[in-house]
Protein chains: 2
Amino acid sequence: MTNGQEQNRPPYDAKKYRTPDGIPADIVMFTLTKQERRAATKSLPIFDLKVMLIRRKSWPFAGAWALPGGFSQEDESLYETASRELMEETGVEGRHLEYLGVYSKPGRDPRGWIISHAFFAFVEEWVLEKRKAADDAQKVGLFTMKEALEELELAFDHREILKDAYKRIQQQMLQTTIAKQFLPEHFTLSELYQVIQTVVPDFAELNFIRKITSTRSRQGILEEVRDENGQPLLSNQYSQRPAQLYRFTDFTPQLSIYT
Amino acid sequence: MTNGQEQNRPPYDAKKYRTPDGIPADIVMFTLTKQERRAATKSLPIFDLKVMLIRRKSWPFAGAWALPGGFSQEDESLYETASRELMEETGVEGRHLEYLGVYSKPGRDPRGWIISHAFFAFVEEWVLEKRKAADDAQKVGLFTMKEALEELELAFDHREILKDAYKRIQQQMLQTTIAKQFLPEHFTLSELYQVIQTVVPDFAELNFIRKITSTRSRQGILEEVRDENGQPLLSNQYSQRPAQLYRFTDFTPQLSIYT
DNA sequence: GTAATAGTGTCTGTCAGACACTATTAG
DNA sequence: CTAATAGTGTCTGACAGACACTATTAC
């Protein structure tokens with residue numbers, strides 16, 4: 001594999017250059033906790049968006065909270081690294097694993113030249129609770145975004161990663177159908193509304209039900225669930241009056257600021 | 001910097017692990033070429049979205065076309081690497097440099113364990129033409145997306161990167177105001193429309209002018225340009241009848257599939 | 001006048017936003 | 001009956017989509 005021009009640019013030799021000391025993948029594991037409310041009758045639970053963090057045992061940042069993660073190996077892509085770490089940390093595959101970005105500011109890791117790749121994932125609450133129970137409670141924590149961002153001492157540049165991840169899922173919650181990652185296969189419109197509001201507190205839509213169900217331009221995101229006889233499937237899990245169940249279709253509308 | 005728990009997890013030593021052989025940043029440099037049409041009178045030019053590629057001289061993929069790029073150094077972030085490479089390749093800072101993603105599939109680079117970070121940038125046409133002229137014409141090429149994706153032999157996984165970059169700027173063109181990166185400070189609505197259509201050929205909007213200028217919900221993306229006396233500024237560069245000039249404000253609307 | 005782009009008139013059906021109202025059911 | 005969520009009626013003004021039409025100017 002040589003040619004006449006090779007004299008101009010000698011074959012690449014990695015050993016001649018300084019190379020990074022490690023390429024980890026760190027994962028922001030989100031979960032939606034559901035807490036029943038004490039009410040006279042059935043009522044909607046209170047949702048909360050939380051994130052799992054691990055307390056570091058050793059240098060650097062011993063005692064601080066950090067995102068779970070680990071180093072990439074030569075025989076895997078970074079997505080595979082993240083997927084493997086997610087499995088190792090929680091025992092499950094998660095409902096969504098997506099690349100967030102690269103964090104490479106010099107000096108971000110006192111151990112050396114370490115470039116981290118952040119991912120985010122959605123994991124069901126019971127998985128993280130199980131993980132927490134299996135381990136020392138001192139070591140694993142589930143925190144709300146506010147706690148994590150404002151109150152905890154975080155290792156490395158993990159506060160920045162968390163902020164970016166939060167921004168990203170807020171944007172995705174409004175612009176894609178990832179809400180389905182937080183919901184069961186079938187859900188009521190109130191549940192969907194609550195999920196959106198939990199992740200994006202600013203979201204408010206007075207005529208939510210009507211808009212989703214009766215505007216042509218949004219037709220196709222959701223569809224009513226019916227049983228084998230074509231009867232509408234209802235749920236009264238959170239309400240006295242049964243509510244229609246919906247599911248997401250696999251259609252995601254393309255938005256535009258000009259249209 | 002030690003504590004009692006360190007025996008559980010000995011201090012990190014990079015030399016104990018296999019580490020990557022290099023972390024390059026590759027840059028997709030987009031430009032919008034403008035070609036006057038031969039018409040009886042003034043008319044709109046034909047735009048084309050093009051990308052700059054470099055022909056590789058040596059192993060691996062000698063002779064194939066590749067994205068310009070280079071290896072990251074320990075004292076710089078990957079964004080700084082990309083920025084430096086952009087400057088080295090073109091002599092300018094570019095009008096927009098944005099991270100695209102990481103490409104880490106094992107075996108993507110026969111030289112070893114090399115993880116590439118892709119960026120994309122917008123560069124004015126004359127810069128790339130200058131670069132092309134300064135060099136051997138065999139070495140530097142400006143290609144339309146179709147040519148690059150369908151006709152050229154591309155090195156590494158650069159076809160995949162190009163595809164991803166194309167998808168990304170198409171999405172951004174519709175959902176953000178990056179169109180301004182392709183336009184002069186002041187522009188007519190026809191120019192804007194042409195730019196959008198060039199990047200997103202499917203885009204069609206019969207009432208484009210009216211929608212941009214007279215719908216309240218989109219108010220704020222653009223504003224009319226006026227001179228110091230408050231008189232509207234017009235341009236007849238591409239038309240007999242002068243057209244109102246506009247500029248982008250710094251407002252970008254937030255879209256939602258639910259609203 | 002002609003060719004080219006810039007921009008408006010107008011019509012229909014749909015949607016957004018606001019808010020009052022009815023429906024259903026467990027307890 | 002009450003409390004809670006589910007869902008509808010209704011009204012106004014704004015918008016979308018379609019397409020015909022007028023406006024302006026260089027040549």
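Here the structure is a predicted model, which is why all the values come from computation and not from measurement. In what follows, every chain begins at residue 1, and chains take the letters A, B, ... in the order their sequences are listed.
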Query raised in the report: Expressed in angstrom and rounded to an integer, what is the separation of Leu222(B) atom CG from dG7(C) atom P?
Result: 12 Å
Requested in this report: Using atom CD of Glu191(B) as one end and atom C1' of dG7(C) as the other, report the distance to the nearest whole Å.
Outcome: 16 Å
Report summary line: Quick tally for nucleotides 17-27 of chain D: nucleotides whose base has a protein heavy atom under 4.0 Å get B, sugar-phosphate-only ones S, the rest -, giving BBB---BBBB-
Requested in this report: To the nearest Å, give me how far apart CD1 (Ile212(A)) and P (dG7(D)) are.
Outcome: 13 Å
Query - Euclidean distance, Thr177(B) OG1 relative to Met173(B) CE, rounded to 0.5 Å - result: 10.0 Å
Query raised in the report: Nearest-Å distance, CZ (Phe203(A)) to C1' (dA16(C))?
Result: 13 Å
Query raised in the report: Tyr238(A) OH to dG7(D) P: how many Å, rounded?
Result: 15 Å
Report summary line: In whole angstroms, the gap separating C1' of dT5(D) from CG of Leu245(A) amounts to 14 Å
Query raised in the report: Across the strands shown, which category fits Leu44(B) at heavy-atom distances under 4.0 angstrom: base, sugar-phosphate, nothing?
Result: sugar-phosphate
**Report entry** Nucleotide dT5(D), atom P - distance to CD of Glu36(A) in whole Å
**Finding:** 12 Å
Query raised in the report: Under 4.0 Å between a Lys/Arg side-chain N and an Asp/Glu carboxylate O for Arg131(A) and Glu129(A)?
Result: no
Report summary line: Between Val195(A) and Phe182(A) the two heavy atoms that sit nearest each other are CG1-CB, 3.9 Å
Query raised in the report: Is Glu224(A) atom CD crowded by more than 12 heavy atoms from other residues, nucleotides or ligands, each under 6.0 Å away?
Result: yes
Query raised in the report: Can you name the residues that form a side-chain contact (heavy atoms from CB on, under 4.5 Å) with Arg168(B), not counting sequence neighbours?
Result: Glu98(B), Leu100(B), Phe120(B), Gln172(B)
Requested in this report: Would you mind listing every salt bridge (charged side-chain N to carboxylate O under 4.0 Å, His left out) that reaches into residues 26-36 of chain B, with sequence neighbours excluded?
Outcome: none
